[in-house]
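Positions are given from 1, in the same order as the sequence printed here. The figures that follow rest on heavy atoms only: side chains count, while hydrogens, waters and symmetry mates do not.
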Amino acid sequence: MFNLRKITFLVSLAGVCVGCGDTHSSQVADCFDLKRLQGRWEYMDNRTYQIEEWIMTSDKQLQGKGFVLDGNDTTFIEFLSIAEEAGKLVYYARPSEIASPEVVPFPLEAEGKDKLVFSNENNDFPKKIVYQLQSDSAMQVYIEGPRDGKYSRIVFDFVKQKNV
């Protein structure tokens, strides 16, 4: 039989679990610490060498850039940010090859202690961007959505090289 103390504990516990999806600044600190993304992250396989660099510009905002290298040449660059807007985190991407200064927003869809899921169903590709911290020095990022007539997921296993 439940007594009042047990009911209060269960209601409090449920509030903590459900609150993780709420991105008000106090909940963000309890669930996903944006400071953990700060630094230089590198990914390399036999085809590509990619880097993401993130800098905290405030308690609720990261500025970053992602780029792809081919030898000493930069073949792609994208300007990134994660910021709280109207109480909710939004991931912004601006590829450099777009002639107009179009910034594509990806509002937060889901959040966990080690994971952020951003989505924008109106974007051609990707529709979803996921950051999954595996440790303080390992992070998996994937982008997914329909591409070339089929559903695609592209996975990047980043390793942290240094704090920026």
Side-chain angles (χ1 to χ4, degrees), residues 20-21 23-25 27-29 31-148 151-164:
C20 206
T23 57
H24 297 296
S25 59
Q27 294 298 330
V28 170
C31 295
F32 189 94
D33 184 1
L34 288 176
K35 292 176 187 162
R36 293 178 68 197
L37 289 180
Q38 187 169 240
R40 180 183 175 104
W41 298 85
E42 297 182 4
Y43 166 79
M44 184 185 299
D45 66 11
N46 59 357
R47 296 176 302 168
T48 186
Y49 177 46
Q50 299 189 34
I51 298 169
E52 278 195 15
E53 292 180 342
W54 291 98
I55 298 170
M56 290 293 297
T57 56
S58 75
D59 288 343
K60 300 175 187 177
Q61 183 170 10
L62 280 163
Q63 291 290 326
K65 61 183 173 182
F67 45 100
V68 178
L69 298 175
D70 183 4
N72 291 329
D73 294 328
T74 301
T75 60
F76 176 80
I77 190 164
E78 187 171 40
F79 300 98
L80 309 167
S81 67
I82 298 174
E84 187 174 310
E85 185 176 297
K88 186 173 186 173
L89 289 179
V90 180
Y91 179 101
Y92 295 96
R94 184 174 60 85
S96 64
E97 79 254 5
I98 294 177
S100 70
E102 180 183 5
V103 177
V104 182
F106 292 84
L108 185 69
E109 177 183 293
E111 171 186 14
K113 183 177 186 243
D114 297 318
K115 188 175 188 176
L116 292 170
V117 179
F118 299 97
S119 66
N120 180 337
E121 289 301 316
N122 295 321
N123 194 45
D124 55 354
F125 184 86
K127 301 267 187 213
K128 190 173 284 191
I129 301 170
V130 178
Y131 281 77
Q132 175 73 50
L133 287 167
Q134 298 165 328
S135 71
D136 288 338
S137 62
M139 171 176 69
Q140 186 174 82
V141 176
Y142 62 87
I143 57 176
E144 62 183 24
R147 187 176 191 189
D148 299 327
Y151 197 84
S152 295
R153 177 184 280 188
I154 302 171
V155 178
F156 308 96
D157 290 312
F158 284 96
V159 175
K160 192 171 199 176
Q161 299 302 312
K162 65 180 180 176
N163 286 325
V164 177

Requested in this report: Run the ring-centre check on F118 versus Y91 and record whether the distance is less than 6.0 Å.
Outcome: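 Between F118 and Y91, the centre distance is under 6.0 Å.
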Report task. Without swapping roles, check the side chain of T74 against the backbone of L69 for a donor-acceptor pair under 3.5 Å. Result ->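 The answer is no, because no donor-acceptor pair under 3.5 Å joins these two groups.
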Within this structure, what is the [atom1]-[atom2] distance for the pair [X] and [Y], rounded to the nearest 0.5 Å?
| X | Y | atom1 | atom2 | answer |
| --- | --- | --- | --- | --- |
| S152 | Y142 | OG | OH | 14.0 Å |
| E144 | Y151 | CD | OH | 3.5 Å |
| I154 | I143 | CD1 | CD1 | 4.5 Å |
| Q132 | D157 | CD | CG | 11.0 Å |
| K65 | L80 | NZ | CG | 10.5 Å |
| Q38 | T57 | CD | OG1 | 9.5 Å |

Query - Charged N-O contact under 4.0 Å between D33 and K113 - result: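 Not counted as a salt bridge, because no side-chain N and carboxylate O are separated by less than 4.0 Å.
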Report task. List the steps and the verdict of side chain to side chain contact (heavy atoms under 4.5 Å, CB included) for F32 and K115. Result -> CA-CA 7 Å; F32 189 94; K115 188 175 188 176; 5.7 Å; no
Identify the two heavy atoms, one from [X] and one from [Y], that lie closest to each other, and give their separation to 0.1 Å.
| X | Y | result |
| --- | --- | --- |
| A93 | F106 | CB-CE1, 4.5 Å |
| F79 | S96 | CE1-CB, 4.1 Å |
| L37 | W54 | O-CB, 3.5 Å |
| F76 | E78 | CE2-CB, 3.7 Å |
| P105 | V90 | CB-CG1, 3.9 Å |
| C31 | E111 | CB-OE2, 3.4 Å |

Tell me, do [X] and [Y] make a side-chain contact under 4.5 Å, heavy atoms counted?
| X | Y | result |
| --- | --- | --- |
| L89 | I82 | yes |
| L34 | R36 | no |
| Y131 | M139 | yes |
| F158 | V141 | yes |
| V159 | E42 | no |
| I55 | L62 | no |
| V104 | R94 | no |

Report task. Give a yes or no on whether D45 atom CG has more than 12 heavy-atom contacts from other residues, nucleotides or ligands under 6.0 Å away. Result -> yes
Query raised in the report: Between Y92 and E85, is any side-chain donor less than 3.5 angstrom from a side-chain acceptor?
Result: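 Short answer, yes.
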Query raised in the report: Do Q140 and Y43 have side-chain atoms, one donor and one acceptor, less than 3.5 Å apart?
Result: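 No, no side-chain donor-acceptor pair sits under 3.5 Å.
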Query raised in the report: Which pairs with one or both residues in residues 118-128 pass side chain to side chain donor-acceptor pair (under 3.5 Å), sequence neighbours excluded?
Result: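 Applying side chain to side chain donor-acceptor pair (under 3.5 Å) to every pair that reaches into residues 118-128, excluding sequence neighbours, yields E109-S119, E109-K128.
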